[in-house]
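Start at 1 with the first residue, then count along the sequence.
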Amino acid sequence: MEFYEYMAYELIEKIKTKEFTIEEVIQKSFQRIEETEKKLHSFVHLHKTEALDKAKKLDNNLREGKSIGKLYGLPFGIKDLICVKNSPTTCGSKILEGYLPPYNATVIEHLIEKEGAICLGRTNMDEFAMGSSTENSSYGPTYNPWDIECVPGGSSGGSATCVASGQTSVSLGTDTGGSIRCPASYCGVVGLKPTYGRVSRYGLVSYANSLDQIGPLSRCVYDSAMILEIIAGHDPLDSTTADIKVDNYTQELKNSLENKVLGVPKEFFGEGLEKDVKDRVTRAIKKLDSLGAKTIEISFPHLEYAIPTYYLIAMSEASSNLARYDGLRYGEMSDDLSGDIYEVYSRTRAEKFGSEVRRRIILGSYALSAGYYDMFYIKALKVRTLIKNDFQEAFKHCEAILCPTMPTTAFKIGELVDDPLKMYLMDILTCPVNLAGLPALSIPCGFDTNNLPIGFQIIGNYFDEKSILNIGYLLEQELNLYRKMAPIMNRGI
Ligand code: GLN
C-alpha cells in the first residue's frame with residue numbers, strides 16, 4: 001500500500017505503534033503534494049516549515065512520554081476561510097490578501113491546539129464560499145483528480161481534491177448550501193455537514209451565517225465520525241451552538257439497521273437527474289434494504305421552492321456580512337486613493353471582489369431594500385419554514401432520508417461559468433438541508449460511464465449525526481469503494 005492511501009485512523013495507529021514518526025508523515029505528505037499539486041491546485045497557501053517544526057516538537061513530546069492529543073500529528077487541509085492565528089486566511093479573495101487573523105477558530109483550537117493535528121496548508125475555494133465549482137477563486141480553479149478537465153465541485157473544492165488525491169487523508173470544509181457535500185460527491189470522498197449549531201462557527205468567516213456549518217471531508221466514514229467527535233459541542237464563543245451532548249460517533253457506526261425505516265423522497269429523483277446518478281443511488285438504496293432497513297417512499301412538496309428561497313436568504317445575509325470589507329476595517333485598499341471616502345470604498349470593492357461576489361452583494365442588497373424586503377426576504381423566510389416542515393413531517397415516518405447528493409456528476413471546467421443560474425440549480429438536493437439546519441452525509445456510491453464519482457446523500461434529524469454516520473458506514477462497507485484512489489488524469493488526452 002502506498003503511503004498516500006492510508007486513512008487517517010490508520011496513520012494515527014502507525015504513529016502510535018512507532019512505525020512512522022510524525023515528521024515522516026508530514027514529509028511524505030508534502031512529497032505527495034509536490035508530485036500532484038501542479039495538476040490539481042488544491043492549496044492556496046502551504047505551511048511546510050511550520051508543519052515540520054510542529055511535527056518535530058510532537059515527536060519529541062511523544063518520545064518523552066507526554067500526551068500529544070488524540071490526533072498524533074495527523075495532517076489536515078483547512079479551507080481558506082477558517083481563521084488560523086497568524087496564518088493567511090483569505091477566503092479565496094483578493095480583498096483579504098495579507099490578512100493574518102489574530103486568533104484561532106474554535107475548531108482549530110480543538111483539532112490543532114488540543115488534539116495535535118497539523119495544518120499542511122489552506123485549501124482553495126470559491127471566493128467567500130460562493131459557488132459550486134471552485135472556479136470563483138481569485139487564485140484560479142482547482143481541478144478534479146478523477147478528470148482534471150472537470151471541476152471538483154465547490155465551494156470546498158480544494159478540501160475535497162486534497163483528500164481524493166491522497167495529499168492528505170482529511171480536511172475541513174464549510175457547507176452553506178452544499179459546499180462540503182457537492183465537492184465530496186464530485187471527487188468521490190466522504191463529506192459531512194453537521195446540524196446547524198453542532199459545530200462552533202467562531203472564527204469562520206461568514207458567508208450566510210444562518211446557513212453556514214463547518215464539517216470534515218475524508219476518504220472513509222470512520223474518519224469523519226472521528227473528526228466530528230472532536231470539533232462538535234457547545235462553545236461559549238458562538239451563541240448559536242447547542243448545549244447538547246456529543247455522541248460517541250465512532251462507537252455507534254456498526255449498529256444494526258434491522259427494522260430502521262428510511263425515507264426516499266420521490267421529488268428528489270425528478271427532472272434533471274442524470275440516469276447514471278439515479279441508477280447508482282437506487283442500487284445503493286437496495287443495498288440498505290438488504291442490510292435490514294425498510295425503505296419507504298415519502299413526499300417533499302416544497303422542493304421546487306428551495307433554490308429561490310436559499311439564494312434569496314444566502315445573498316441577503318452575504319450582502320450584510322460582506323459590508324465590512326471596505327479596505328479600511330478589513331481588507332486591502334485600492335492603490336488609487338483619489339476622491340472622497342465613499343469613492344475609495346466603492347473602488348476598493350469593485351477592484352478586489354470577483355464578479356460572483358459582486359453579483360450577490362447587489363442582489364442581496366436589492367432583496368433587503370425598503371419596498372422589496374417584504375416581497376422577497378420575508379417571503380423567503382416564510383417558505384424556509386415550509387421546507388423545514390416538510391422535513392419534520394418526513395421524520396415522523398422515517399429515521400433518515402436517502403437521495404442523491406448532486407443531480408449530475410462533475411461538469412467540465414468553464415461549462416457553466418457564463419450561466420450562473422444553471423450553476424445555482426445544481427444545489428437543488430443539498431440546499432434544502434441547510435434551510436432546515438439538518439445534518440447530512442455524502443458518500444461515494446459508484447461511478448458514471450465516464451468513471452466520474454457519484455454521491456449518495458443521507459439526511460438526518462436534528463443532532464442525529466449518529467444515525468447518518470451509522471447508515472453511511474454500513475453502506476460504505478457493503479459497497480467497498482472507499483479504497484479506490486482518484487487516478488489524477490486528463491481523460492481528454
Ligand atoms: N453553491 C452554493 C452557493 O453558491 C453553496 C455554497 C456553499 O455551501 N458555501 O451559495
Side-chain angles (χ1 to χ4, degrees), residues 43-55 57-58 69 71 73 75-130 137-139 155-156 158-159 171-174 176 199-209 212-215 227 230-241 317-318 320-335 341 344-345 348-349 352-353 357:
F43 288 93
V44 295
H45 319 284
L46 283 167
H47 305 316
K48 191 169 177 180
T49 319
E50 297 86 333
L52 282 170
D53 284 351
K54 174 146 183 202
K57 214 178 279 165
L58 292 178
L71 293 175
F76 263 80
I78 308 276
K79 192 174 177 181
D80 192 33
L81 81 175
I82 298 171
C83 289
V84 179
K85 192 172 173 179
N86 294 329
S87 150
T89 301
T90 59
C91 302
S93 180
K94 278 202 198 105
I95 206 152
L96 278 174
E97 223 170 273
Y99 175 62
L100 301 174
Y103 64 96
N104 275 329
T106 297
V107 291
I108 298 298
E109 282 292 322
H110 285 309
L111 283 179
I112 296 186
E113 300 303 328
K114 193 156 159 252
E115 302 300 353
I118 293 181
C119 173
L120 297 179
R122 313 309 300 273
T123 57
N124 199 13
M125 56 182 281
D126 286 299
E127 187 177 6
F128 285 99
M130 298 177 185
S137 164
S138 73
Y139 299 94
S155 62
S156 313
S159 293
S171 65
L172 284 187
T174 61
T176 306
V199 174
S200 171
R201 287 179 300 111
Y202 178 75
L204 162 66
V205 180
S206 292
Y207 158 21
N209 36 342
D212 301 337
Q213 266 294 283
I214 299 175
I227 296 162
I230 292 170
I231 61 175
H234 178 248
D235 177 12
L237 298 172
D238 174 2
S239 59
T240 62
T241 51
E317 291 185 24
S320 157
N321 281 324
L322 270 61
R324 75 192 70 171
Y325 305 104
D326 51 20
L328 200 61
R329 285 171 293 178
Y330 288 93
E332 276 284 292
M333 213 167 234
S334 165
D335 292 336
I341 186 70
V344 177
Y345 283 164
T348 297
R349 287 163 66 83
K352 310 267 175 175
F353 281 136
V357 173

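- Side chain of Arg324 to main chain of Asn321: a donor-acceptor pair is present (N/O by atom type, distance under 3.5 Å, no hydrogens or angles).
- Proximity of Lys48 to Leu52: side-chain heavy atoms (C-beta onward) are separated by under 4.5 Å at one or more points.
- Across Lys94 and Glu127, no two heavy atoms sit closer than the pair N-OE2, 4.4 Å.
- Taking the side chain to side chain donor-acceptor pair (under 3.5 Å) definition, one finds that Glu332 meets it with nothing, sequence neighbours left out.
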Exercise for review: Begin from the C-alpha positions of Val199 and Thr106 and carry the test side-chain contact (heavy atoms from CB on, under 4.5 Å) through to its verdict.
Suggested key: CA-CA 9 Å; Val199 174; Thr106 297; over 6 Å; no
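- Looking only at atom types and distance, the side chain of Asn124 has a donor-acceptor partner in the side chain of Ser137 under 3.5 Å away.
- Panel note: side chain Arg122, backbone Leu46; no donor-acceptor pair is recorded below 3.5 Å.
- Note that the CG atom of Leu237 and the OH atom of Tyr202 stand 5.0 Å from one another [nearest 0.5 Å].
- Of the possible polar contacts, one joining the Thr89 side chain to the Ser87 backbone as a donor-acceptor pair under 3.5 Å is found.
- Within the 4.5 Å cutoff, the side chain of Cys83 has heavy atoms near those of the Tyr103 side chain.
- Partners of Ser320 under the side chain to side chain contact (heavy atoms under 4.5 Å, CB included) rule, at least two apart in sequence or in another chain, do not exist in this structure.
- For the residue pair Thr174 and Lys79, a side-chain donor N or O sits within less than 3.5 Å of a side-chain acceptor on the partner.
- Side-chain atoms of Thr348 come within 3.5 Å of backbone N or O of Ser334 as a donor-acceptor pair.
- Taking the six-membered ring wherever Trp is involved, the centroid distance between the rings of Tyr325 and Phe128 falls below 6.0 Å.
- Using a 4.5 Å cut-off on side-chain heavy atoms (C-beta onward), Thr123 and Val44 make no contact.
- At distances below 3.5 Å, at least one donor-acceptor pair connects side-chain atoms of Ser138 with backbone N or O atoms of Gly92.
- Partners of Thr241 under the side chain to side chain donor-acceptor pair (under 3.5 Å) rule, at least two apart in sequence or in another chain, do not exist in this structure.
- Among residues two or more places apart in sequence or in another chain, the side chain to side chain contact (heavy atoms under 4.5 Å, CB included) test is passed with Thr90 by His45, Asp80, Leu96, Tyr139.
- Here Asn104 pairs with Val84, Lys85, Ile108, Glu109, Glu113 under the side chain to side chain contact (heavy atoms under 4.5 Å, CB included) rule; sequence neighbours left out.
- When all heavy atoms of Leu328 and Asp326 are compared, the closest pair comes out as N-OD1, 2.7 Å.
- There is no side-chain donor-acceptor pair under 3.5 Å between Ser155 and Asp126.
- Listed here is the closest heavy atom pair of Ser200 and Val107: O-CG1, 4.1 Å.
- The backbone N or O of Ser171 lies less than 3.5 Å from no partner atom in the side chain of Ser159, so there is not a single donor-acceptor pair.
- Between Ala323 and Arg329 the shortest heavy-atom distance is O-NH2, 3.5 Å.
- Here the side chains of Ser93 and Met125 are not in contact, with every heavy-atom distance at 4.5 Å or above.
- Asn209 approaches Glu317 most closely through the heavy-atom pair N-OE1, 2.8 Å.
- Here the closest non-hydrogen pair linking Thr176 and Ala208 is CG2-CB, 3.9 Å.
- Residues passing the side chain to side chain contact (heavy atoms under 4.5 Å, CB included) test with Lys54, sequence neighbours excluded: Leu58, Ile112, Ile118.
- Looking at Tyr330 and Ile95, their side chains never come closer than 4.5 Å, going by heavy atoms from C-beta outward.
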Review point. Under the side-chain contact (heavy atoms from CB on, under 4.5 Å) criterion, do Leu322 and Met130 qualify, and how do the steps go?
Key: CA-CA 12 Å; Leu322 270 61; Met130 298 177 185; 3.9 Å; yes
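- Between Leu204 atom CG and Ile214 atom CD1 the span is 4.5 Å, to the nearest 0.5 Å.
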